[in-house]
Amino acid sequence: MAKLSTKRFLSTLAEMFPDAHCELNHSNAFELTIAVLLSAQCTDKKVNQVTERLFQKYKTPEDYLAVPLTELQEDIRQIGLYKNKAKHIQELSRLLLDKYNGQIPDKHEELVTLPGVGRKTANVIIATWFGVPALAVDTHVERIAKRLGFCEETDTPLQVEKTLMKKIPKKEWANTHHRLIFFGRYHCKAQSPQCEVCPLEDVCPSKKKAAKKTKKPRTA
Ligand code: SF4
């Protein structure tokens with residue numbers, strides 16, 4: 001089987017999803033941070049439903065600290081892990097006020113010190129809002145990188161990130177992150193990859209395996 005070149009990989013993603021973007025609704029860095037924090041193990045659609053009301057009620061870190069934790073928990077109750085996430089939002093708000101004048105910092109090393117903000121979340125924030133090249137590896141990005149044979153099945157998200165950063169030119173990191181998410185969300189889905197109509201089918205080592213996994217059992 002021919003090997004997939006970086007050039008073809010990037011041009012295919014660009015052709016398929018030229019306008020891929022962050023699908024979490026937000027209008028500033030603080031809202032984006034809250035939305036990404038809420039999105040862990042939750043769909044962007046659900047997060048957007050909740051933040052539509054949440055961002056009307058809470059606009060600043062002070063607003064999140066002005067209510068009891070139980071009230072904030074109630075406001076995000078529809079989201080998985082809401083108790084922990086509400087706690088993180090209040091801790092993050094307190095830290096922002098104490099250390100960063102109420103503003104979201106634009107440096108990765110500072111972002112990861114915020115409660116509830118890990119490496120992936122920090123990468124999404126700096127790339128999406130601050131325009132700093134970064135390649136966040138979420139579940140879609142990890143799955144696609146492995147299916148296309150760029151990484152080993154056992155690689156951690158950090159190993160996947162490092163491999164992709166070596167393979168992809170820096171100026172394409174942010175775009176590629178969004179396009180890979182769209183590719184995984186709408187085309188090479190976890191349970192039902194569309195191998196039959198995939199433009200990378202001839203160079204994808206997982207094509208048969210992925211199709212077999214999703215093949216429906218025959219009924220008598
Ligand atoms: Fe995904 Fe199938 Fe395309 Fe491979 S051939 S990238 S498994 S959709």
Side-chain angles (χ1 to χ4, degrees), residues 1-25 32 35-36 38-48 80 118-128 131-219:
M1 178 179 282
K3 211 162 173 259
L4 173 58
S5 69
T6 302
K7 196 175 165 200
R8 180 170 166 198
F9 169 59
L10 294 179
S11 63
T12 303
L13 288 181
E15 272 167 37
M16 289 178 82
F17 302 107
D19 303 319
H21 56 277
C22 175
E23 293 192 292
L24 291 166
N25 295 336
L32 174 63
V36 182
L38 291 175
S39 73
Q41 294 180 44
C42 185
T43 64
D44 287 3
K45 196 174 164 197
K46 175 60 78 184
V47 172
N48 288 337
R119 184 179 180 85
K120 185 204 79 178
T121 303
N123 277 341
V124 172
I125 296 165
I126 58 169
T128 304
V132 177
L135 225 165
V137 173
D138 75 346
T139 176
H140 296 296
V141 176
E142 182 178 349
R143 184 177 70 254
I144 306 306
K146 289 178 179 178
R147 278 187 178 167
L148 285 172
F150 296 151
C151 305
E152 300 294 326
E153 261 318 304
T154 52
D155 280 358
T156 63
L158 181 58
Q159 286 170 316
V160 172
E161 183 185 326
K162 285 183 176 166
T163 302
L164 291 178
M165 282 165 71
K166 264 189 225 155
K167 191 171 184 63
I168 298 165
K170 200 170 181 174
K171 65 180 172 46
E172 298 292 342
W173 288 354
N175 268 342
T176 305
H177 157 75
H178 291 306
R179 287 172 181 158
L180 275 173
I181 289 179
F182 272 51
F183 190 81
R185 195 172 276 165
Y186 303 113
H187 175 76
C188 185
K189 302 175 195 178
Q191 299 305 324
S192 51
Q194 297 170 14
C195 302
E196 296 76 14
V197 292
C198 183
L200 299 177
E201 175 267 337
D202 60 313
V203 283
C204 176
S206 305
K207 189 225 164 181
K208 280 190 186 136
K209 211 170 26 172
K212 205 171 162 188
K213 265 190 200 164
T214 57
K215 203 173 169 185
K216 286 190 183 141
R218 293 176 72 180
T219 48

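In each ligand, atom 1 is the first atom listed, and ligand 1 is the first ligand listed. Everything numeric in this text was worked out from a predicted model, so none of it was measured.
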Kindly give the heavy-atom pair with the smallest separation between Arg147 and Ser206, and that separation in Å.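 Closest heavy-atom pair between Arg147 and Ser206: O-OG, 2.6 Å.
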
NZ/NE/NH1/NH2 to OD/OE distance under 4.0 Å, Glu201 and Lys207: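 Yes, charged N to carboxylate O under 4.0 Å.
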
Roughly how far, to the nearest 0.5 Å, is the CD atom of Glu23 from the CZ atom of Phe182?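 Result: 3.5 Å between the selected atoms.
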
At less than 2.8 Å, would any N/O/S atom of Cys204, backbone or side chain, sit next to atom 4 (Fe) of ligand 1?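 Yes, since at least one N, O or S atom of Cys204 sits under 2.8 Å from atom 4 (Fe) of ligand 1.
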
Give me the ring orientation class for His187 and Phe183: parallel if the planes are under 30° apart, tilted from 30 to 60°, perpendicular past 60°.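 Tilted, since the angle between the ring planes falls between 30° and 60°.
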
If the cut-off is 4.0 Å to any non-hydrogen atom of Leu148, which atoms of ligand 1 fall inside it?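 So the answer, numbered in order with elements, is 6 (S).
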
Closest by any non-hydrogen atom to atom 3 (Fe) of ligand 1: pick that one out of Cys198, Ser206, Pro199, Pro193.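 Residue with the shortest heavy-atom distance to the ligand atom: Cys198.
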
